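As the structure is a prediction and not an experimental result, all values here were calculated from the model.
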Amino acid sequence: MNFAESRLNFLSVQNIDPAFAKSFRDHFAYINPWIPYWSGARSGMTALSEEVFPARSFADTEFYNDWLRPQKDVEAGAGMKIVGDRGETIQFLMNFPLSLSETYGKAAVEVLTRVRGNLERSLSLARLTRTSVEQAVAAAALVERNRCAAFVVEGSRLVREANQMALQIFSLGQAVIVRSDRCFMANTVADARFG
C-alpha cells in the first residue's frame, strides 16, 4: 500500500473468498482502520493485532461489520511492514481466529521475523534492478533520438538524461529552463500544463 497516495498497487491473497478479495481491493483497503497504525510503523516491524489494535476496538465500523466479521475466524492477525521504494510499503498480513490468537500469533510473528532479512534483501535487489532498467531506458531514449534535442525527465521534473543538443537548448533558456536540475518550460502557460 502506498499510504501517501492512498493507492493499492498489488494484492495477493490466500484462503480468502475471491469476492472478499475484490471488495478489499476496490473499497475496504482504503477504509481499513489498521491503516493509521501501519502507516506509522517503522520498516521491518512485526506486530500482533491483539497487542496493538484489536479488531473489537473498531467493531462499529463499516470495515468490521461489512468485511472482516462476515468472513468469520479472521478477527485476529499478525503482520509485518517493509518500506519499499517510492513511498510504497509492503505488508505481509496473516489473519486467524481470535480464539487461536495465543497460539497462532506468536508463531506468525516468529515466521515473519525469520523471513524479514530475506525479504529486505529481495527489495534491495528489486530497487537496484529498477534503477538499472530505468537508466538503460533513459539512455536508449536519447540514442533513439540522436538527430534532435532529447531529454528524459522524472515525474518530479528532475532531468535524468539529456543529449548535447538538449544541453545547448537548456543553456539558451528560450524554450526550456533548467534550475537546480529541474526542468521548466519558458512559457509559463505551457509550464502549468506540464505539471
Colleague: Between Glu110 and Lys106 (salt bridge meaning N to carboxylate O under 4.0 Å), is one present in this structure?
Modeller: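 Answer for the salt bridge query: no.
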
Colleague: Quick one: side chain to side chain donor-acceptor pair (under 3.5 Å) partners of Asn118, sequence neighbours excluded?
Modeller: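 Arg121.
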
Colleague: Identify whether the distance between the nearest side-chain nitrogen and carboxylate oxygen of Glu75 and Arg56 falls below 4.0 Å.
Modeller: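 No, no charged N to carboxylate O under 4.0 Å.
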
Colleague: Counting N and O atoms only, with roles assigned by atom type, does the side chain of Lys81 sit under 3.5 Å from a partner on the main chain of Ala41, one being a donor and the other an acceptor?
Modeller: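 Checking the backbone N and O of Ala41 against the side chain of Lys81, a donor-acceptor pair under 3.5 Å is found.
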
Colleague: Of all the heavy-atom pairs spanning Thr61 and Pro33, show the shortest one and how long it is.
Modeller: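 Closest approach of Thr61 to Pro33: OG1-CG, 4.0 Å.
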
Colleague: Scan residues 118-137 for pairs that pass ring-ring contact (aromatic ring centres under 6.0 Å, His included), counting only residues two or more places apart or in two chains.
Modeller: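 Qualifying pairs, neighbours excluded: none.
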
Colleague: Under a 4.5 Å cut-off applied to non-hydrogen side-chain atoms, are Ile31 and Glu62 in contact?
Modeller: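 Touching, per the 4.5 Å side-chain cut-off.
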
Colleague: Indicate if Leu11 and Leu68 have the same hydrophobic cluster label, given that clusters are the connected sets of ILVMFWY residues with side-chain heavy-atom separations under 4.5 angstrom.
Modeller: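 Yes, one cluster joins them.
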
Colleague: Could you tell me whether the side chain of Asp73 and the main chain of Pro97 form a donor-acceptor pair under 3.5 Å?
Modeller: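 Judged by distance alone, no pair lies under 3.5 Å.
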
Colleague: Do we get Arg160 above Phe151's six-membered ring, with its NZ or CZ under 6.0 Å from the centre and within 45° of the axis?
Modeller: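 The answer is no; the distance or angle limit is not met.
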
Colleague: Quick one: sort the Phe53 and Phe58 rings into parallel, tilted or perpendicular, breaks at 30° and 60°.
Modeller: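 Taking Phe58 first and then Phe53, their aromatic rings sit tilted (interplane angle of 30° to 60°).
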
Colleague: Do Ile82 and Thr89 make a side-chain contact, defined as non-hydrogen atoms from C-beta onward lying under 4.5 Å apart?
Modeller: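 Counting from C-beta outward, Ile82 and Thr89 never come under 4.5 Å.
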
Colleague: Taking the side chain as C-beta and beyond, is there a heavy-atom pair between Met80 and Leu119 under 4.5 Å?
Modeller: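 Counting from C-beta outward, Met80 and Leu119 do come under 4.5 Å.
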
Colleague: For the residue pair Phe92 and Thr46, establish whether any side-chain heavy-atom pair is separated by less than 4.5 Å.
Modeller: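 A side-chain contact under 4.5 Å is absent here.
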
Colleague: Give the minimum heavy-atom separation between Pro54 and Ser57, together with the two atoms involved.
Modeller: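 It is O-OG, 2.5 Å.
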
Colleague: Could you report the tightest heavy-atom contact between Phe96 and Ala108, atom names first, then the distance?
Modeller: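 Nearest heavy atoms, Phe96 then Ala108: CE2-CB, 4.3 Å.
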
Colleague: Just checking Phe28 against Phe20, ring centres under 6.0 Å apart?
Modeller: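 No, they do not, as the ring centres are separated by 6.0 Å or more.
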
Colleague: With a 4.5 Å cut-off on side-chain heavy atoms, are Asp17 and Gln71 touching?
Modeller: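 In short, these two side chains do not touch, never coming nearer than 4.5 Å.
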
Colleague: Might you point out which heavy atoms bring Ala76 and Leu98 nearest each other, and give the distance in Å?
Modeller: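 Scanning both residues, the minimum pair turns out to be CB-CA, 3.9 Å.
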
Colleague: Testing the basics here: between Leu142 and Asn163, what is the closest heavy-atom pair and its distance to 0.1 Å?
Modeller: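 Reported closest heavy-atom pair: CD1-N, 4.0 Å.
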
Colleague: Taking Arg69 for its side chain and Tyr64 for its backbone only, find out whether a donor-acceptor pair lies under 3.5 Å.
Modeller: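 Pair absent, no side-chain N/O of Arg69 close to backbone of Tyr64.
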
Colleague: Give the intermediate values and the outcome of side-chain contact (heavy atoms from CB on, under 4.5 Å) for residues Trp34 and Leu93.
Modeller: CA-CA 11 Å; Trp34 279 306; Leu93 306 170; over 6 Å; no

